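Only one structure is covered here, and it is reproduced in the block below.
Order of the sequence lines sets the chain letters (A, B, ...), proteins ahead of strands, with each chain counted from 1. Computed from a predicted model, the values in this text were never measured in an experiment.
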2 protein chains.
Amino acid sequence: MLKEERQQLILEKLGTDKKVTLVDLGQLLNVSYDSVRRDVIELEDKGLLKKVHGGAIAHSYLSMKPSKGLGIVNTEFVTIAKKALKLLENNKIIIMDGGTTNFYIAEQIPKNLELTIVTNNPHLATALAEHPKIEIILLGGSFYKRYQITIGSKTIQDLEHIQADLYFMGINSISIENGLAIRHYEESILKQKMMNVSRKTVTCVLEEKINRKENYSVCNFTDLDYLITSLNASDELLSGFKNKGVEIL
Amino acid sequence: MLKEERQQLILEKLGTDKKVTLVDLGQLLNVSYDSVRRDVIELEDKGLLKKVHGGAIAHSYLSMKPSKGLGIVNTEFVTIAKKALKLLENNKIIIMDGGTTNFYIAEQIPKNLELTIVTNNPHLATALAEHPKIEIILLGGSFYKRYQITIGSKTIQDLEHIQADLYFMGINSISIENGLAIRHYEESILKQKMMNVSRKTVTCVLEEKINRKENYSVCNFTDLDYLITSLNASDELLSGFKNKGVEIL
DNA sequence: CATTATTTTGCAGATATTTGCAAAATAAAT
DNA sequence: ATTTATTTTGCAAATATCTGCAAAATAATG
């Protein structure tokens, strides 16, 4: 059995059971104790699980259904989140909106980093509460049940006096011609405001979002400062995005 | 069983029962007395619970984590919540703060009632999102991790332009002489503001809160409009509260 | 295809962690 | 004040981890 195959099985088991012991894994996979341990260490380095004495426990997002593929644990998010961490520095003020990737990023922020995080996503606020050094500002406003975020003029007003260093923007579609766009009108306005009060803006783009079409435009592609993706730099989907003044990570 | 797994179970039990003894835990988890004690010590170091002689008690915010439904149903809460429902009418604007009882009330609100609920408690907002007809306003501000609510001058400012009909106030202690009081300074100020912008104020008082002492006073007993309790009207704990212009339910 | 480099695997000894036990110290209860 | 329950401490056994190393498997090369 290949190493990758084994590690995939570990993740799957972890997704259903939430925890595994190394002894169990060793028997299940028919390899030595040491091999599974090394596997688990590798997986931990990738941020896909948490290793503990005698076993491993799942990161909350492992239970999330993979967007495509069958039974394959989706690690695209985690790869992206890892890259996003490189943009974080001590004492910066970061805006994170209701984008899904922001959860993955939040979970991976090193415990020694001091940050202020401004968000309109209550779930993100509670997730970040586990972190010892992060100060959290929650934006008020109308609570939009469907996306579970605050929204509307009050939210925008709350941003008025904020000057952030970086904004992690969630997006539904991205293309050169149409720029960045999402599905909901009020939210598109809010994202524009968030861009305005941030020195730099970064967006994390999953493969599936590229060249899709959505209704409400937020900004042009070149308004971005960074683009984070798990795609290889040589990938042709990215070809149009290069050399436009946006740093691609 | 992994150590982390055990500790997770301890926290879960604590979330529902509010208190545990080490003896119980030892039996429940099938480990020695000493192990659970060491677990509890570790959890205390992480600030997740408070260790006491012979056991441990939950931090108040543990109960806020909407683990699964509301866990074990505490009948006292439910009795109180039922009574609280009588104060609700169509199209009213209600403020609910971070009080625990507000969760129970929220869960019981009839599906046909149209309300606007203003809260500084994100967990309450997400719980209310299940309700088809309630409009939710979430107050912004600094997110206070320990109690999982927003707090501070921004939160107070968000209340400035709100005129509510009713305020469900959570409280830690109540007595005739010292009035209503809680443990946290900023929160006491916030509750005062919430009272100010509401036409009427109601508080739900569990037996244990009566004649306790807490640090920060919020208001006098007579500033209340309604008092909801599960105690029998003839109970002597209530004797001092009667005929003071506060309607006791 | 054979050969060489690279990676992966399992093993053994040295360290470190966890666990349960028992005696001594402390706190709570009667 | 005496008894009882709980905590603390030190200790030893069991278990898990880490390290370096050599055999096996895999990939790369000519």
Point to revise | Between B:Asp97 and B:Asn121: side-chain donor-acceptor atoms closer than 3.5 Å | key: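 No, B:Asn121 and B:Asp97 have no side-chain donor paired with an acceptor closer than 3.5 Å.
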
Review point. Looking just at side-chain N and O atoms, do A:Glu114 and A:Asn90 make a donor-acceptor pair shorter than 3.5 Å?
Key: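 No - no donor-acceptor pair under 3.5 Å links their side chains.
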
Review point. What string of B, S and - do you get for nucleotides 6-12 of chain D, 5' to 3', when a contact is any protein heavy atom under 4.0 Å?
Key: SBBB---

Point to revise | salt_bridge(A:Lys19, B:Glu5) N-O dist < 4.0 Å | key: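 Salt bridge: yes.
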
Exercise for review: Run the salt-bridge test on B:Glu42 and B:Lys3 with the 4.0 Å N-O cut-off and return the result as yes or no.
Suggested key: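 Between B:Lys3 and B:Glu42 there is a salt bridge, with a charged N closer than 4.0 Å to a carboxylate O.
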
Taking the side chain as C-beta and beyond, is there a heavy-atom pair between [X] and [Y] under 4.5 Å?
| X | Y | result |
| --- | --- | --- |
| B:Met194 | B:Met169 | no |
| A:Thr100 | A:Phe77 | yes |
| A:Val118 | A:Ile94 | no |

Review point. OP1 or OP2 of C:dT19 less than 4.0 angstrom from a side-chain nitrogen or oxygen of B:Ser32, does that happen here?
Key: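 No, outside the criterion.
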
Review point. Axis-to-axis angle across the helix from C:dC1-D:dG30 to C:dT30-D:dA1, five pairs an end, to 10 degrees?
Key: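 Its terminal axes enclose an angle near 40°.
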
Check your understanding: Hey, do the aromatic rings of A:His59 and A:Tyr104 have their centres closer than 6.0 Å?
Key ->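 For A:His59 and A:Tyr104, the ring centres are not under 6.0 Å apart.
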
Check your understanding: Quick one: B:Met1 CE to D:dT15 P, roughly how many Å, whole number?
Key ->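 Interatomic distance, CE of B:Met1 to P of D:dT15: 16 Å.
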
Practice item. Would you mind reading off the distance between A:Asp39 atom CG and D:dC18 atom C1', rounded to a whole angstrom? Key: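 For the pair A:Asp39 CG and D:dC18 C1', the rounded distance is 16 Å.
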
